[in-house]
Amino acid sequence: GAVVSQHPSRVICKSGTSVKIECRSLDFQATTMFWYRQFPKQSLMLMATSNEGSKATYEQGVEKDKFLINHASLTLSTLTVTSAHPEDSSFYICSARVPRTHEQYFGPGTRLTVT
Amino acid sequence: GQQLNQSPQSMFIQEGEDVSMNCTSSSIFNTWLWYKQDPGEGPVLLIALYKAGELTSNGRLTAQFGITRKDSFLNISASIPSDVGIYFCAGHPDSWGKLQFGAGTQVVVTP
């Protein structure tokens, strides 16, 4: 299957700082990537759809000014959590859709802890 | 929004036993995907289904796209300890819409 990488795998930051998470499709070009958030023992919650060369589409209730998404190339999307607070602590996972298919491949996730 | 009902929520089985889980929806889905997630990792795609009635295998895993297009099941035969994890069903309710996820089935395999 296709490979998606995510960096960093873990990050600890202080309240008020910003954190950037990178998502890369390693062996295919992805015009569409997705960002999810997952709470313990729960399913994945879609935060936003990232489209290469255009603005991201955010799900209802997700603050676009807090979770900045940039999809500047066909292999890279970034999620920046701005002015992080402890309640932003979570497991963030990206995925990328293989073009002309319905298959979505996920990155390994980023564990964010805000102290 | 769309709801996928995945059951069972958890399963405790002995090594060597078969496992079966399913997902149902109140509306038609165009694709069904099954993922496995290990603790602290992202989900890994196991099987993708595209046509009603389609039956697809991947090693000891078998999944089917229901005839009504409103359900799918995943079977794991002869379970082994590394089958432990959370299995998620997912599907697209329309051609290029957002992927909807089930709540997951936690599988625990005891030796």
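The chains referred to below are lettered A, B, ... by the order of the sequence lines, with proteins before strands, and numbering in each begins at 1.
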Could you tell me the separation between the CG atom of B/L99 and the CZ atom of A/R97, rounded to the nearest 0.5 Å?
->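 Interatomic distance, B/L99 CG to A/R97 CZ, rounded to 0.5 Å: 9.0 Å.
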Chain B contacts, top residue of A/S9, A/S43, A/S95 (heavy-atom pairs, under 4.5 Å) |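 Among A/S9, A/S43, A/S95, the one with the most close pairs to chain B is A/S43.
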Please determine, among A/Q38, A/Q42, A/K41, the option with the most heavy-atom pairs under 4.5 Å with chain B.
->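 So the answer, after comparing A/Q38, A/Q42, A/K41, is A/Q38.
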Is it true that, when you exclude [X] itself, more than 12 heavy atoms of the residues, nucleotides or ligands shown sit nearer than 6.0 Å to its [atom1]?
X	atom1	value
A/I12	CD1	no
A/E87	CD	yes
A/K20	NZ	no

Is it the side chain or the backbone of B/Q6 that comes within 4.5 Å of chain A heavy atoms, both, or neither?
->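 Contact with chain A: none, neither part.
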Region of B/A103 in contact with chain A, defined by heavy-atom distances below 4.5 Å |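 Contact with chain A: backbone only.
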Consider only side-chain heavy atoms of I, L, V, M, F, W and Y, link residues closer than 4.5 Å, and tell whether [X] and [Y] are in one cluster.
X	Y	value
A/L46	A/F106	yes
B/V109	B/L61	yes
A/Y105	A/I21	no
B/F73	B/L4	no

Which answer fits A/E59, side chain, backbone, both or neither, if we ask what part of it has an atom under 4.5 Å from a heavy atom of chain B?
->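 A/E59 touches chain B through side-chain heavy atoms alone.
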Check each atom of A/Y36 against the heavy atoms of chain B and say whether the ones under 4.5 Å are side chain, backbone, both or neither.
->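 It is the side chain, since no backbone atom gets that close.
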Within-4.5 Å side-chain heavy-atom neighbours: B/K98 and A/T57 |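 Answer no - side chains too far apart.
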Any side-chain heavy atom of A/E103 within less than 4.5 Å of one from B/Y50?
->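 Yes, close enough: below the 4.5 Å cut-off.
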Closest approach of A/I93 and B/G42, non-hydrogen atoms and distance?
->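 For A/I93 versus B/G42, the nearest heavy atoms are CG2-CA, 4.3 Å.
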